[in-house]
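Below you'll find the structure, written out as structure tokens, and then a few comments.
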Amino acid sequence: MRKLSFPSSACLLLVLSGCVTEGVEPTTAAPDDPIVASGAPATEIVASGAFATDADRERFEAEVLPSARAFLSYWAEVGLAVPHEPARLFISPPPGMKASEALPELYGESIFDDLRALEVDVANAASNRAALDLIDAFTCAHPPLDRGFLEDAEKYVDDPDIRPADFAEALREYHDERMAPDATFSFHADNGEFELPARRNCSYVLLGHSTEPTRAHPYLERDVVNHELGHALHYGLWMASGPLGERLSASANEAIADILAHVFDGDACHGKVLDERGAPVGCRRRMDVYESSVSDAVWERGRGDHETGQALRQLVWTLRGEVTADALRAAIRDGVAAVQVALNEIDEEPLSNVPVFDDEILAMRYRFVREYEATSAFFNAVCGSLGHAPRACDEHQERLGDPRLAMREAWLANAPTAIGPRGVTLTDGRRVAFEIEGALIQNMTVTLADGEGEVYPGDPDLGIPEEEREPSSGRVTLWFSAPGSASPGAQVGWTSDGALTAR
């Protein structure tokens, strides 16, 4: 097992732009580096990790770190930077590696003494909050150590029956598990992740080892590393620009991270799929294709994820061939900024702070509109920055929306919350319930006290009832067809204040 090599024994981490010790000047980028030489200074990256082979370590140092430095410098030219400089990469020890070996590899030979010293400091803290501040600072300096403990401990910070000494005792037990002779230490198998802890006092990238023969270790995949650093860049812009909401948009976040990584490297293939010889034969995602609008992709999956922002990736990939690189970079920066504005506007809506998310239908519509608004803001800002000249910028409806959009937005703003498949029993004994397919209302059933009932279908084309809002009161009625009525076109409605009506 080999550690990263260091210019001086005084440096515990590999610092890409130079390991600064007394009498040692930081190194600079090579003058023939075409990206760094274009104007932005070399960006400092601190990396720490343990590697199974010398070949892995050498490839990481020779290929991945220079690419990551150039990537950050490229985007620094348009004002994008990581939220907590320098950028930090932590590479997981191989799965199954003994903690007694792994922790010194990552954090230095004194790590076990440091853990015990933290326990003492926590026990002597002046308050529970001060105790957790100490753990937070330690975790920021040694990610991801004690991160899970801190997340659990936050639940008890205001408990009057818990004292700092109690946190210290629990922390010692947690550390004892790490120090046990048979303990192992690794993280994020088959994955990379940008971490911005809840307190937002630090940030870092965690990179794991692959357990699948069809992919390289994440820390050796330059596009994966730059994707995670891309997350750091968009969070960095948002945090520098104002408040950052708790609820984000997976569709926008993941698409933006890919866009930043691949506009830089010019490769449409993200995450190479390997054959048995290690040769690339496919891609886990591509920048140059999409099959459905963001709205339909989110609606189908029930949430935003890595796949639901494909229309944004392909939009930007198309624009690469139609505008200059500098114009596109500036447009992407504007798009990233616009996402934060859109999400903050949603967070300001009264509905976003109401605890109604046990309602399946309302929760889905809230998630849907959040994904739609964030991705739409990115699209509009990118194209607005370019003057809407490229043809792809005329495809907002095709890429982002669908015919059910207005109905979904209306539902988010005005939906009654007490509906669902379990139903609601009214004071007169009638029970109202709804058949749901995914997040769509297929029909309403009204059952009388004697067990007799009637089924009222929604709009079969929209998959949702007709919706009507009274402007003066804000009352919303969902109208369903009344097939058993003698009057053509008769409907039965369910109102937002929990009443049945008819017309």
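The structure displayed is predicted, hence computed values, not measured ones. All values below come from the heavy atoms of this structure, side chains included, with hydrogens, waters and symmetry mates left out.
With hydrogens and angles disregarded, a donor-acceptor distance shorter than 3.5 Å links the side chain of Gln340 to the backbone of Trp238. Listed for the Ser295 side chain is a donor-acceptor partner under 3.5 Å among the backbone atoms of Leu400. Not a single donor-acceptor pair under 3.5 Å links the side chain of Asp152 to the backbone N or O of Phe149. Using a distance-only test at 3.5 Å, with no hydrogens or angles considered, no donor-acceptor pair links the side chain of Asp296 to the main chain of Ser292. Panel note: side chain Asp223, backbone Gly271; a donor-acceptor pair is recorded below 3.5 Å. Looking at Ser385, its side chain never comes within 3.5 Å of a backbone N or O of Val382 through a donor-acceptor pair. Proximity of a side-chain donor or acceptor of Glu228 to a complementary backbone N or O of Phe194 within less than 3.5 Å is detected.
The distance from atom CG of Leu260 to atom CG of Asn226, rounded to the nearest 0.5 Å, is 10.0 Å. One distance of note links CD1 of Ile135 with CG of Leu145; it measures 12.0 Å at 0.5 Å rounding. Rounding to the nearest 0.5 Å places CG of Asn191 at 11.0 Å from OG of Ser92. Summarising the geometry, atom CZ belonging to Phe187 is positioned 5.0 Å from atom CG belonging to Leu206; distances are rounded to the nearest 0.5 Å. We find the CG-CG distance between Asp114 and Asp121 to be 10.5 Å, quoted to the nearest 0.5 Å. Atoms CG and CD, from Asn380 and Glu373 in turn, are 9.5 Å apart once rounded to the nearest 0.5 Å.
A salt bridge links Arg284 to Glu221: one of the charged nitrogens lies within less than 4.0 Å of a carboxylate oxygen. Under 4.0 Å is where a charged nitrogen must lie from a carboxylate oxygen, and between Asp176 and Arg178 no such pair does. We find that Arg147 and Glu195 are joined by a salt bridge, their nearest charged nitrogen and carboxylate oxygen being less than 4.0 Å apart. We find that Arg116 and Glu119 are joined by a salt bridge, their nearest charged nitrogen and carboxylate oxygen being less than 4.0 Å apart. Between Arg59 and Asp56 no salt bridge is recorded (no basic side-chain N to carboxylate O distance below 4.0 Å). Using a 4.0 Å cut-off between a side-chain N of Lys or Arg and a carboxylate O of Asp or Glu, Asp267 and Lys272 qualify as a salt bridge.
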Start with the C-alpha distance between Leu315 and Tyr290, add both sets of side-chain angles, then the distance that settles side-chain contact (heavy atoms from CB on, under 4.5 Å), and finish with yes or no. CA-CA 9 Å; Leu315 168 73; Tyr290 83 98; over 6 Å; no
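Residues satisfying the side-chain hydrogen bond (donor to acceptor under 3.5 Å, both in side chains) criterion with Glu151, sequence neighbours excluded, are absent altogether. With sequence neighbours left out, Thr211 forms a side-chain hydrogen bond (donor to acceptor under 3.5 Å, both in side chains) with Asp190. Here Asp265 pairs with His262 under the side-chain hydrogen bond (donor to acceptor under 3.5 Å, both in side chains) rule; sequence neighbours left out. With sequence neighbours excluded, the residues that form a side chain to side chain contact (heavy atoms under 4.5 Å, CB included) with Ala337 are Leu237. For Ser249, the side chain to side chain contact (heavy atoms under 4.5 Å, CB included) partners are Ser251, Ala252, Leu343, Glu371, Ala374, not counting sequence neighbours. Ala255 pairs by the side chain to side chain contact (heavy atoms under 4.5 Å, CB included) definition with Leu312, Arg313, not counting sequence neighbours. A search for salt bridge (charged side-chain N to carboxylate O under 4.0 Å, His left out) contacts involving Arg222 returns nothing, not counting sequence neighbours. Listed by chain and residue number, Arg129, Leu132, Asp133, Asp136, Glu154, Asn201 satisfy the side chain to side chain contact (heavy atoms under 4.5 Å, CB included) test with Arg199 (two or more places apart in sequence, or in another chain). Among residues two or more places apart in sequence or in another chain, the side-chain hydrogen bond (donor to acceptor under 3.5 Å, both in side chains) test is passed with Tyr174 by none. A search for ring-ring contact (aromatic ring centres under 6.0 Å, His included) contacts involving Trp317 returns nothing, not counting sequence neighbours.
Just one of Pro93, Ser186, Pro95 meets the side-chain contact (heavy atoms from CB on, under 4.5 Å) condition when paired with His209; it is Pro95.
Minimum interatomic distance between Pro66 and Ala62 (heavy atoms only, all atoms of both residues): CG-O, 3.4 Å. Heavy-atom minimum distance, Ala392 versus Thr318: CB-CG2, 4.1 Å. Between Pro144 and Phe185, the shortest heavy-atom contact is CD-CZ, 4.4 Å. Residues Gly309 and Val294 approach most closely at CA-CG2, 4.5 Å, considering heavy atoms. Annotation for Gly192 and Leu207: closest pair CA-CD2, 4.1 Å, computed over non-hydrogen atoms. Residues Ile91 and Leu106 come closest through the heavy atom pair O-CD2, 3.4 Å.
The shortest side-chain heavy-atom distance between Arg69 and Leu65 does not fall under the 4.5 Å cut-off. Residues Ser210 and Pro218 form a side-chain contact, since some pair of their non-hydrogen atoms from C-beta on lies under 4.5 Å apart. Side-chain contact check for Leu118 versus Leu171: some heavy-atom pair is nearer than 4.5 Å. No side-chain heavy atom of Phe71 sits under 4.5 Å from any side-chain heavy atom of Val225. Contact annotation: the side chain of His227 approaches that of Glu254 to within less than 4.5 Å [non-hydrogen atoms, C-beta and beyond]. Looking only at side-chain heavy atoms (C-beta outward), Leu196 and Ser203 come within less than 4.5 Å of each other. Within the 4.5 Å cutoff, the side chain of Ser67 has no heavy atoms near those of the Val64 side chain. For the pair Val157 and Asp159, the minimum side-chain heavy-atom distance is 4.5 Å or more.
Cation-pi check for Arg329 over Tyr74 is met; the charged atom lies under 6.0 angstrom from the ring centroid and within 45 degrees of its normal.
Counting only N and O atoms by type, the side chains of Ser73 and Glu77 include no donor and acceptor under 3.5 Å apart. Side-chain contact of Arg286 with Gln310: a donor-acceptor pair under 3.5 Å is absent, judged by distance alone. In the model, His175 has a side-chain atom that pairs as donor or acceptor with a side-chain atom of Asp146 under 3.5 Å. Inspection of the Glu193 and His231 side chains reveals no N or O donor paired with an N or O acceptor under 3.5 Å.
Using cut-offs of 30° and 60° on the angle between ring planes, the pair Tyr204 and Phe90 is perpendicular.
Around CD of Glu291, the count of heavy atoms belonging to other residues, nucleotides or ligands within 6.0 Å does not exceed 12.
The ring of Phe51 has its center no closer than 6.0 angstrom to the ring center of His217.
For residues 116-139, the pairs satisfying ring pair (Phe, Tyr, Trp, His ring centres under 6.0 Å) are Phe138-His142, with sequence neighbours left out. For residues 249-287, every residue pair satisfying the disulfide (SG to SG under 2.5 Å) rule, not counting sequence neighbours, is listed here: Cys269-Cys283.
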